[in-house]
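Below: one structure, written as structure tokens.
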Amino acid sequence: MKGQFPIEKMQSIKTPFYYYDTELLRQTLRTINEEAGRHENFVVHYAVKANANPKILRFIREAGLGADCVSGGEIEASIKAGFPSNKIVYAGVGKSDWEINLGLDNDIFCFNVESIPELEVINELAAAKGKTARVAFRLNPNVGAHTHANITTGLAENKFGIAMDDMLKVIEEARSMKNVKFVGLHFHIGSQILDMGDFEALCNRVNELQAKLDSQRIRVEHINVGGGLGIDYAHPNRVPLPDFKAYFNTYAKKLKLRPGQTLHFELGRAVVAQCGSLITRTLYIKKGAVKQFAIVDAGFTDLIRPALYQAYHKIENITSEEPLETYDVVGPICESTDVFAKQVDINRAHRGDLLAIRSAGAYGEIMASQYNCRQLPIGYTSDEI
């Protein structure tokens, strides 16, 4: 589907750059709102860490989603993009004082707390301001997810969250403090999850913990199950939207909410990944003894996922209709890991051809670096080009 790219206009833009299909983003956001809206008290936040491009954030804010932040910088970006502070949640295992104060000053909806020492600091800082901080406890449910080991977060061995056995202890600790208010429980088991059975396992664990709280007559206002829903990296044209219906239905059917409880989600990759492509220009075709290389001007400084996670991204030569040939698509960085894909078939490439590295809207532009003193890539929307 090369027709989705305005190739003639792209030819004049300095590469590499990110291209965002805003019509697909709008369609994705409409589908999220439709499917979540079928269920009472479902609240969706966007995980800003996936992509904090200001233009992308504005689209998401206009769709009515809240913001899930994991740094003070993300809180600032969300507020600048117009997200209401009462729709901002702040998670993260290492919140610094200035970040906590920023959240307090803006009266954000909730801090997702990951330890008793953090709770104590939030209480102290809130007291200094004469405020009460709303807190939810991130529990580590010890639920595995069928995904890459580097992006699991719900196992006991991970750094995230509070052990389940400590749940009652931390809730009682919060109740004894004057400047925090316990409002919810927070969970997140990982990312790029396609097996709904993983989310069912989380539901079962949350049901167990809620039953334990019921026995102690402890009421929880909000349950936050994080995000984690994956996308189809292999078929971005054929499957541009994740299965939001199955995702939200899983929680509606399997999670036993109490009367009046709201269920919060923190979707990131599922919102923005498919709408983004990294556009790179072919510099050289190099024929080796056993393979040929398409050397492009983008590197892992622009998209680190293949090097960091061995992640697959579909690659298309959007300026060639010639027969398929097999290439290793590699970048210019002075590292052997600067490889986007090995032994992939694309239309025969020549110097100057534009390649689109697909499904790069999440954890692409946001993770770019200036290693080798390279410039950061610019992100453009289809509305601009």
Side-chain angles (χ1 to χ4, degrees), residues 5 7 10-20 48-56 70-71 73-74 77 94 148-151 191-192 233 268-269 272-273 275-320 326-344 346 349-381 384-385:
F5 296 104
I7 297 171
M10 285 180 166
Q11 292 282 17
S12 62
I13 300 175
K14 180 182 177 183
T15 52
F17 64 88
Y18 276 90
Y19 173 76
Y20 298 109
V48 177
K49 69 175 183 174
N51 188 322
N53 182 298
K55 291 167 281 192
I56 299 299
V70 293
S71 73
E74 289 187 3
H148 192 283
N150 288 6
I151 50 177
S191 188
Q192 186 48 24
Y233 281 96
R269 182 195 316 265
V272 294
C275 78
S277 297
L278 176 61
I279 308 300
T280 181
R281 197 177 303 274
T282 305
L283 298 174
Y284 307 103
I285 302 300
K286 177 180 176 181
K287 295 183 183 289
V290 295
K291 60 172 63 177
Q292 65 177 346
F293 300 89
I295 302 171
V296 300
D297 61 3
F300 69 49
T301 51
D302 307 292
L303 177 64
I304 199 173
R305 296 189 70 254
L308 186 62
Y309 302 123
Q310 300 76 53
Y312 171 83
H313 287 264
K314 183 178 177 64
I315 301 176
E316 300 173 346
N317 186 343
I318 60 175
T319 49
S320 173
T326 304
Y327 301 88
D328 281 14
V329 180
V330 302
I333 309 300
C334 291
E335 301 280 350
S336 296
T337 53
D338 188 30
V339 178
F340 290 114
K342 292 184 177 182
Q343 298 295 287
V344 293
I346 61 174
H350 305 274
R351 174 174 168 81
D353 279 351
L354 294 179
L355 304 188
I357 303 176
R358 303 295 304 281
S359 311
Y363 308 108
E365 182 183 355
I366 191 67
M367 295 182 76
S369 77
Q370 292 184 289
Y371 181 49
N372 285 186
C373 294
R374 286 169 57 83
Q375 293 183 350
L376 293 173
I378 295 175
Y380 300 94
T381 68
E384 297 175 283
I385 296 179

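No experiment lies behind these values; they were computed from the predicted model shown. This chain uses plain numbering: 1 for the first residue, then up along the sequence.
Between the OG1 atom of Thr15 and the CG atom of Asp302 there is a distance of 9.5 Å, given to the nearest 0.5 Å. The CZ atom of Arg351 lies 11.0 Å from the CD1 atom of Ile295; values are rounded to the nearest 0.5 Å. Note that the CD1 atom of Ile357 and the CG atom of Leu278 stand 4.5 Å from one another [nearest 0.5 Å]. To the nearest 0.5 Å, atoms CD1 (Ile13) and OH (Tyr19) are separated by 9.5 Å. Atom-to-atom distance recorded for Ile318:CD1 and Ile7:CD1 is 5.0 Å, nearest 0.5 angstrom. Residue Tyr18 holds its OH atom at 10.5 Å from CD1 of Ile279, rounded to the nearest 0.5 Å.
Residues Gly268 and Ala50 approach most closely at C-CB, 3.8 Å, considering heavy atoms. Minimum interatomic distance between Thr381 and Glu384 (heavy atoms only, all atoms of both residues): N-OE1, 2.7 Å. Residues Pro306 and Val339 approach most closely at CB-O, 3.6 Å, considering heavy atoms. For the residue pair Pro16 and Ala298, the shortest heavy atom distance occurs at CB-CB, 3.7 Å. Gly379 and Lys55 get closest at one heavy-atom pair: O-NZ, 2.7 Å. In terms of heavy atoms, Ser320 sits closest to Asp353 at CB-OD2, 4.0 Å.
Using a 4.5 Å heavy-atom threshold, the side chains of Gln11 and Arg281 count as touching. A 4.5 Å side-chain heavy-atom check between Met10 and Phe17 finds at least one atom pair inside the cut-off. For the pair Glu316 and Phe5, the minimum side-chain heavy-atom distance is below 4.5 Å. Between Thr301 and Asn372, every side-chain heavy-atom pair lies at or beyond the 4.5 Å cut-off. Looking at heavy atoms from C-beta onward, Lys314 lies out of side-chain contact with Tyr233 at the 4.5 angstrom threshold. Considering only heavy atoms from C-beta on, Leu308 comes within 4.5 Å of Met367 through its side chain.
In this pair, Phe300 and Tyr371 present their aromatic rings parallel. The plane angle is below 30°, not in the 30 to 60° band.
Counted within 6.0 Å of OH on Tyr284, heavy atoms from surrounding residues, nucleotides or ligands total 12 or fewer; the atom is thus considered open. For Lys291, the NZ atom is densely surrounded, since the number of other residues' heavy atoms within 6.0 Å is greater than 12. Applying the 6.0 Å contact sphere to CD of Gln292 captures more than 12 heavy atoms from other residues, nucleotides or ligands. Shown here is Leu376, whose CG atom has more than 12 heavy atoms of other residues, nucleotides or ligands within 6.0 Å.
Residues meeting the ring-ring contact (aromatic ring centres under 6.0 Å, His included) test with Phe293, sequence neighbours left out: none.
Checked by atom type, the side-chain pair Tyr20/Asn51 shows a donor-acceptor distance below 3.5 Å. Of the N and O atoms on the side chains of Ser336 and Asp338, not one donor lies less than 3.5 Å from an acceptor on the other residue.
For Lys49 and Glu74, the salt-bridge test fails: no basic side-chain N is under 4.0 Å from an acidic carboxylate O.
Asn317 places no side-chain N or O within donor-acceptor distance of the main-chain N or O of Leu355, the cut-off being under 3.5 Å.
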Between Phe340 and His313, does a side-chain contact (heavy atoms from CB on, under 4.5 Å) hold up when you go through it step by step?
CA-CA 8 Å; Phe340 290 114; His313 287 264; over 6 Å; no
Verdict with reasoning, Ile333 to Arg374, per side-chain contact (heavy atoms from CB on, under 4.5 Å):
CA-CA 9 Å; Ile333 309 300; Arg374 286 169 57 83; 3.1 Å; yes
